[in-house]
Amino acid sequence: QTQLTESGGGSVQAGGSLRLSCATSGDTYNTNSMAWFRQAPGREREGVAAIFYGGGSTWYADSVKGRFSISQDDAKTTVYLQMNSLKPEDTAMYYCARRRRGYGGVWYAHSTYKDWGQGTQVTVSS
């Protein structure tokens, strides 16, 4: 069993920065990739960024390219999402998710992620 715990959300003004953290525990040996998703009220859950668990490859939604950066620590126990130049449209609940080996498809297909955190709220005011 795997547990994911997000932290780092909060309220900032437009142009500000936040860094989200996702701490993982439990069984992570069969992890393929880790990702951040977000969901605003009344909207579909959307992929924000993902990182291959072995390191190297990263993917981003077009809406956050150049502003957000995903990374993981050397021990691969924590995944980060550095968010700069935040905009009001970035306001959402942000979720950390784990894709196990054996699940393929595009990185932003949320149905292929079977382990999720409880979410952390990010609110950006204009």
Side-chain angles (χ1 to χ4, degrees):
Q1 195 170 359
T2 304
Q3 292 80 43
L4 308 178
T5 305
E6 303 98 333
S7 61
S11 297
V12 296
Q13 290 193 323
S17 298
L18 283 173
R19 188 174 84 153
L20 306 184
S21 298
C22 172
T24 64
S25 61
D27 294 331
T28 60
Y29 67 94
N30 64 341
T31 300
N32 170 270
S33 55
M34 298 291 296
W36 287 94
F37 286 79
R38 66 186 180 186
Q39 188 166 20
R43 300 192 64 176
E44 297 271 332
R45 186 168 296 193
E46 64 172 346
V48 176
I51 185 167
F52 180 62
Y53 196 61
S57 297
T58 56
W59 301 270
Y60 296 93
D62 288 343
S63 58
V64 306
K65 279 180 183 176
R67 300 188 298 123
F68 291 12
S69 177
I70 189 170
S71 62
Q72 59 187 14
D73 66 345
D74 290 341
K76 296 183 176 59
T77 58
T78 305
V79 177
Y80 304 99
L81 185 68
Q82 178 66 44
M83 305 186 295
N84 300 325
S85 302
L86 282 161
K87 304 175 181 180
E89 50 264 43
D90 294 318
T91 295
M93 184 72 80
Y94 282 70
Y95 298 91
C96 176
R98 183 178 82 102
R99 178 187 269 182
R100 304 172 191 173
R101 290 178 195 155
Y103 287 88
V106 293
W107 68 268
Y108 48 84
H110 60 81
S111 62
T112 63
Y113 293 80
K114 301 305 180 184
D115 300 301
W116 293 82
Q118 81 289 349
T120 185
Q121 178 68 38
V122 171
T123 302
V124 184
S125 58
S126 57

Could you state the interatomic distance from CD (E46) to CD (Q39), rounded to the nearest 0.5 Å? 9.5 Å
Is W107 reachable from Y94 through a run of I, L, V, M, F, W or Y residues, each pair having side-chain heavy atoms under 4.5 Å apart? no
From Q82 atom CD to S21 atom OG, the distance as rounded to the nearest 0.5 Å: 9.5 Å
What one should report as the nearest heavy-atom pair of S125 and P88 is C-CG, 4.5 Å
Do R99's NZ or CZ and the ring of Y113 fall within the cation-pi criteria of under 6.0 Å and 45°? yes
Decide, yes or no, whether a salt bridge links K87 with D90 under the criterion of side-chain N to carboxylate O below 4.0 Å. no
Whether R98 side chain and D115 backbone form a donor-acceptor pair below 3.5 Å: no
Should Y95 and V122 be regarded as members of a common hydrophobic cluster, given that ILVMFWY residues are connected when their side-chain heavy atoms come within less than 4.5 Å of each other, either directly or indirectly? no
Let me confirm one number: the CZ-OG1 distance from R101 to T31, rounded to the nearest 0.5 Å. 7.5 Å
Answer yes or no: is there a donor N or O on one side and an acceptor on the other, between the side chain of Q72 and the main chain of Y53, under 3.5 Å? yes
Any donor-acceptor pair under 3.5 Å linking the side-chain atoms of T2 with those of D27? no
Do you reckon M34 sits in the same ILVMFWY cluster as V106, going by side-chain contacts under 4.5 Å, direct or chained? no
State the OG-CZ distance between S7 and R19, to the nearest 0.5 angstrom. 9.0 Å
With heavy-atom distances below 4.5 Å as the criterion, would you say the side chains of Y60 and I70 are in contact? yes
How about Y80: does its OH atom have over 12 heavy atoms from other parts shown lying under 6.0 Å from it? yes
According to a hydrophobic-cluster definition based on side-chain heavy atoms being under 4.5 Å apart (Ile, Leu, Val, Met, Phe, Trp, Tyr only), do F52 and V64 belong together? no
What are the two closest heavy atoms between K65 and D62, and how far apart are they? NZ-OD1, 3.2 Å
One should read off an interatomic distance between L20 CG and F68 CZ, to the nearest 0.5 angstrom, of 8.0 Å
Closest contact, heavy atoms only, S126 versus A14: CA-CB, 4.3 Å
Closer than 3.5 angstrom, by distance alone: can the side chain of R43 be matched with the main-chain N or O of R38 as a donor-acceptor pair? no
Pairwise distance CD(Q1) to OG1(T28) - rounded to 0.5 angstrom: 13.0 Å
Side chains of W116 and R45: closer than 4.5 Å at any heavy-atom pair? yes
Donor-acceptor check, side chain of E6 to backbone of C96, threshold 3.5 angstrom: yes or no? yes
Any link between L81 and F37 through a network of hydrophobic side chains (Ile, Leu, Val, Met, Phe, Trp, Tyr) touching at under 4.5 Å? no
T91 vs Q121, side-chain contact (heavy atoms from CB on, under 4.5 Å): CA-CA, chis, key distance, verdict: CA-CA 8 Å; T91 295; Q121 178 68 38; 4.1 Å; yes
Any donor and acceptor pair, going by atom type alone, linking the side chain of T24 with main-chain N or O of T78 inside 3.5 Å? no
